[in-house]
Amino acid sequence: MPIIQLPDGKKVTYENAVTGFDIAKDISISLSKKALALQVNGEYKDLDTTISKDSSVKIITLEDDYALELLRHDSAHVCAMAVQELFPGTQVTIGPVIDNGFYYDFARKEPFTEDDLAKIEKRMMEIVDRDDKTTREVWERKKAVEHFKSIGEHYKAEIIDSIPGKEEISIYFHGKWHDLCRGPHLPSIGKIGKAFKLMKVAGAYWRGDSNNVMLQRIYGTCWKTKKDLDEYLHNLEEAEKRDHRKLGKTMDLFHFQEESPGAVFWHQKGWALFQTLVEFMRKKQLEAGYKEVNTPEIIDRALWEKSGHWEKFHEYMYTTITPDERTFAIKPMNCPGHCQIYNQGLKSYKDLPLKLSEFGKVHRYEPSGSLHGLMRVRSFTQDDAHIFCTEEQITEESVKVTKLILDIYKAFGFENISLKYADRPEKRVGEDSVWDKSEQALLEAIKASKVEYTINKGEGAFYGPKIEFVLRDAIGRDWQCGTLQVDLNLPGRLGATYIDKDGKKKIPVMLHRALFGSLERFTGILIEHYAGKLPFWLSPVQVAILPISEEHHHYAKEILNQLEKKGIRTIIDLKNEKINYKIREHSLEKIPVLMICGTKEMQDKTITLRRLGQEEQQTAKLDEIISSLFKEAQTPKI
RNA sequence: GCCCCCUUAGCUCAUUUGGUAGAGCAACUGAUUUGUAAUCAGUAGGUGGCCUGUUCGAAUCAGGCAGGGGGCACCA
């Protein structure tokens, strides 16, 4: 006699065990038609699940958020069905739900082509029309393994083998087609509707391990309605428009070329932006008590052996052999260099914390397939610093670093920031007592920042725990930028010491920290965040002066002169073109301020100003406008 | 690094099955001297990523290399 409690608090007593479908039907016929699945005592189940014990039950319909997951999961199955109908002999592996859709990994010798994708999608539509009923069976493990082996599904058999003994092996049938699956699923395939689309084929390693064979992954997107699907596709197009690689070209900021893969050729405008960032960071760091230094790009292999980098990372290091047959490595990190500076002269506890910062250009031979515009390069500038301090100072310094990073991010309009905290991994160096202290210190820093955080258990570096700073951009993408790591290893290896109060030599703790990480990458993030429409202070060209006709050229040049005196980055357009043309051209270049001058302005010593993306104009006295733009050009206060 | 795809004028892109390339914008020249997102006309511009092969003939077919793109793996 199960008593079913519904979300509105109502309790219904049944004589016998009931299915979710029965419950829905008892509530209303319309609900039974809309019902997709169940939530029984918080767990999601199939609609036809039999309930024999007292339970609280919610009927899931398209209105629930969870419905989207069901739709996407079923779409993955339909994709697999379509593939196996069209390409017999293809083995299925896994097909989970992901953000915005699903994927399914297949094992097949011949690659899927773009045309195949269209065919598969068409077949999926037909399968949806067929509207096969879904049923669930629980199989005995051995039988399941043998069955899947017998039909040539070796990957499935392997998956079943690896499922923990306690769990039951559930097989879902959509008509004749069946798959090992945890579920739950929609009562019938037709319920997924047609708001889905296959997006792309890609390679993916079996079980995510690069030692394994490569499977073919088909990605798809799936939504509740056609409108949602269209909106998603539209958003993708919009995101493409702000791609920094595209904008970098059209805005004349930088380029790459094949002779130096993964290294940026900064054009004048891109470099102006880059330098503005550096200036800003330099100012903020000096204010925060950092001492800026600079260390060699190329250092003898021996030092990298001592620091441990050679052993762990030499395949990612560029090296060079000089005519005197010495092997040098081009620095992939700045920390050993900073340790050398620290080591000059005897340090006292009174010198700590010592904060050495550097805009250090580092080179890492990243795997070719990982390169991606400015976001992942082989040669980049870190806004790096190392804080040498005592164990007791870790907390205070970590709090300061966290605050500095958060403040700086906010200056760029990144309000949505989260932290990832990673604690001790299995393989590590250092005393557990020091790990206790370091982890504690980082956690305190996080709590003091009052920002949302997640814990990555066991994901810390072998030399210490770390915090990673993640910011969310204007279109909701997350970027991991800043990092703060406690290092219990390197100072000892490189012989860093200080004399403590008791007169004894001790090894300092080193905090590695980067605010943006790679300045190249951060520039890319900024370009995409602002969709190329950089704020005035960052814009490589801040003002374009557009005279109406030739008789206004003289006045325009006078304005240019005054703006340049104030350090405002200005161009003047003396082309023999109509004002419409000039406005269009410089708007497309995303110059934030256009100054138009004609006869009126020339007579009144005024200027007409038009801001990017706005149609309204503002006419005012020249000196007023210049002084207000000068203020706007200053780096933001934090 | 691995899988798939791509590489044609400065940029964006055409050239259907092999018969040695074409447009728009940009550039240049001339006319026009213009009031808030493209004035008109003309000129010039290409070893079709690179190499090798098949063929009477290759942008087109095959092989190799490089770079790029989408993923996977990697990211001290």
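A, B, ... follow the sequence lines: proteins, then strands. Residue 1 opens every chain. Model, not experiment: these values are computed from the prediction.
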Worksheet entry | ring-ring contact (aromatic ring centres under 6.0 Å, His included) involving Phe102(A) - partner list, sequence neighbours excluded |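 With sequence neighbours excluded, Phe102(A) shows a ring-ring contact (aromatic ring centres under 6.0 Å, His included) to no residue whatsoever.
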Worksheet item: For Phe265(A), which residues count as a ring-ring contact (aromatic ring centres under 6.0 Å, His included) partner, sequence neighbours excluded?
Response: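 Listed in chain order: His255(A).
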Would the distance check show the side chain of [X] and the main-chain N or O of [Y] forming a donor-acceptor pair, the cut-off being under 3.5 Å?
X: Ser75(A); Y: His73(A); value: no
X: Ser260(A); Y: Ala263(A); value: no
X: Arg428(A); Y: Pro425(A); value: yes

Worksheet entry | side-chain contact (heavy atoms from CB on, under 4.5 Å) involving Tyr365(A) - partner list, sequence neighbours excluded |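 Result, side-chain contact (heavy atoms from CB on, under 4.5 Å) vs Tyr365(A): Tyr318(A), Arg378(A).
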Fill in: Qualifying residues under side-chain contact (heavy atoms from CB on, under 4.5 Å), relative to Ile299(A), sequence neighbours excluded
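Ile299(A): side-chain contact (heavy atoms from CB on, under 4.5 Å) contacts with Pro296(A), Leu303(A), Trp304(A).
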How far, in whole Å, is [M] from [N] if one measures between their [atom1] atoms?
N: rC2(B); M: rG45(B); atom1: P; value: 42 Å
N: rG64(B); M: rG69(B); atom1: P; value: 22 Å
N: rG57(B); M: rG18(B); atom1: C1'; value: 8 Å
N: rU39(B); M: rU20(B); atom1: C1'; value: 38 Å
N: rU55(B); M: rC61(B); atom1: C1'; value: 10 Å
N: rU54(B); M: rA59(B); atom1: P; value: 16 Å
N: rU43(B); M: rA23(B); atom1: P; value: 11 Å
N: rC40(B); M: rC51(B); atom1: C1'; value: 47 Å

Checking contacts here: which listed nucleotide ([options]) is nearest the side-chain heavy atoms of [X]?
X: Ser587(A); options: rG35(B), rA37(B), rC2(B); answer: rA37(B)
X: Ile579(A); options: rA37(B), rG35(B), rG71(B); answer: rG35(B)
X: Ile583(A); options: rA76(B), rA37(B), rG1(B); answer: rA37(B)
X: Arg364(A); options: rA38(B), rA76(B), rU36(B); answer: rA76(B)
X: Lys600(A); options: rC2(B), rG35(B), rU39(B); answer: rG35(B)
X: His309(A); options: rG71(B), rA76(B), rC75(B); answer: rA76(B)

Discussion item. Below 4.0 angstrom, which residues in residues 609-617 of chain A have at least one non-hydrogen atom near RNA chain B?
Written reply: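 Heavy-atom contacts with RNA chain B come from Arg610(A), Gln617(A).
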Worksheet entry | Of residues 539-556 of chain A, the positions that come close to RNA chain B - non-hydrogen atoms, cut-off under 4.0 Å |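 Close to the strand are Ile548(A), Ser549(A), Glu550(A).
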Just how far, in rounded Å, is [atom2] of [N] from [atom1] of [X]?
X: Glu577(A); N: rG35(B); atom1: CD; atom2: P; result: 13 Å
X: Asp116(A); N: rC3(B); atom1: CG; atom2: P; result: 19 Å
X: Leu588(A); N: rU36(B); atom1: CG; atom2: P; result: 18 Å
X: Met595(A); N: rU36(B); atom1: CE; atom2: C1'; result: 15 Å

Using a heavy-atom cut-off of under 4.0 Å over every strand shown, decide if [X] touches base, sugar-phosphate, or nothing.
X: Tyr219(A); answer: sugar-phosphate
X: Gly208(A); answer: sugar-phosphate
X: Ala202(A); answer: base

Does [N] have OP1 or OP2 under 4.0 Å away from a side-chain N or O of [X]?
X: Tyr365(A); N: rC74(B); result: no
X: Lys200(A); N: rG71(B); result: yes
X: Asn580(A); N: rA37(B); result: yes

Discussion item. I'd like to know if the side chain of His154(A) pairs up with that of Gln91(A) as donor and acceptor (distance under 3.5 Å, no hydrogens or angles considered).
Written reply: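 Result is no, nothing qualifies.
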Polar atom pairs between nucleotides 64-69 of chain B and protein, under 3.5 Å, N or O only, would you list them?
unit_1, atom_1, unit_2, atom_2, d
rA66(B), O2', Glu258(A), OE2, 3.2
rG69(B), OP1, Arg245(A), NH1, 2.9
rG69(B), O3', Arg245(A), NH1, 3.4

Using atom names, set out every protein N or O paired with an N or O of nucleotides 23-31 of chain B below 3.5 Å, distance rounded to 0.1 Å.
unit_1, atom_1, unit_2, atom_2, d
rA26(B), OP1, Tyr581(A), OH, 2.9

Worksheet item: How would you list, by chain and number, every residue that makes a salt bridge (charged side-chain N to carboxylate O under 4.0 Å, His left out) with Arg424(A), sequence neighbours excluded?
Response: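 Per chain and number, Arg424(A) pairs via salt bridge (charged side-chain N to carboxylate O under 4.0 Å, His left out) with Asp432(A), Asp436(A), Glu439(A).
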Worksheet item: For RNA chain B, what is the dot-bracket line, given that a base pair needs Watson-Crick (N1 to N3, plus N6-O4 or O6-N4) or G-U wobble (N1-O2 and O6-N3) geometry with both distances under 3.5 Å, and | means paired with another strand?
Response: (((((((..((((.....[..)))).(((((.......))))).....(((((..]....))))))))))))....
Practice prompt. Look at atom CD of Gln257(A) and say whether more than 12 heavy atoms of other residues, nucleotides or ligands are closer to it than 6.0 Å.
Written response: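 Result for CD/Gln257(A): enclosed.
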Worksheet item: So which pairs with a foot in residues 250-262 of chain A pass salt bridge (Lys or Arg N to Asp or Glu O under 4.0 Å), sequence neighbours left out?
Response: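 For residues 250-262 of chain A, and leaving out neighbouring residues, there are no salt bridge (Lys or Arg N to Asp or Glu O under 4.0 Å) pairs at all.
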Is [X] salt-bridged to [Y], going by a charged N under 4.0 Å from an acidic O?
X: Arg242(A); Y: Glu238(A); result: no
X: Glu585(A); Y: Lys590(A); result: no
X: Glu624(A); Y: Lys605(A); result: no
X: Lys200(A); Y: Glu114(A); result: no
X: Arg245(A); Y: Asp243(A); result: yes
X: Glu459(A); Y: Lys420(A); result: no
X: Glu366(A); Y: Arg376(A); result: yes

Fill in: Minimum side-chain heavy-atom gap His529(A)-Phe414(A) below 4.5 Å
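A side-chain contact exists here, since the closest heavy-atom pair is under 4.5 Å.
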Fill in: Nearest atoms (heavy-atom pairs only) where Pro540(A) meets Leu253(A)
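Scanning both residues, the minimum pair turns out to be CG-CD2, 4.0 Å.
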Worksheet entry | Check: Phe87(A) ring centroid to Phe112(A) ring centroid under 6.0 Å |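 When the ring centroids of Phe87(A) and Phe112(A) are compared, they turn out to be within the sub-6.0 Å range.
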Under 3.5 Å, which protein N or O atoms sit close to an N or O of nucleotides 5-14 of chain B? Give each pair with its distance.
unit_1, atom_1, unit_2, atom_2, d
rU12(B), OP1, Lys249(A), NZ, 3.4

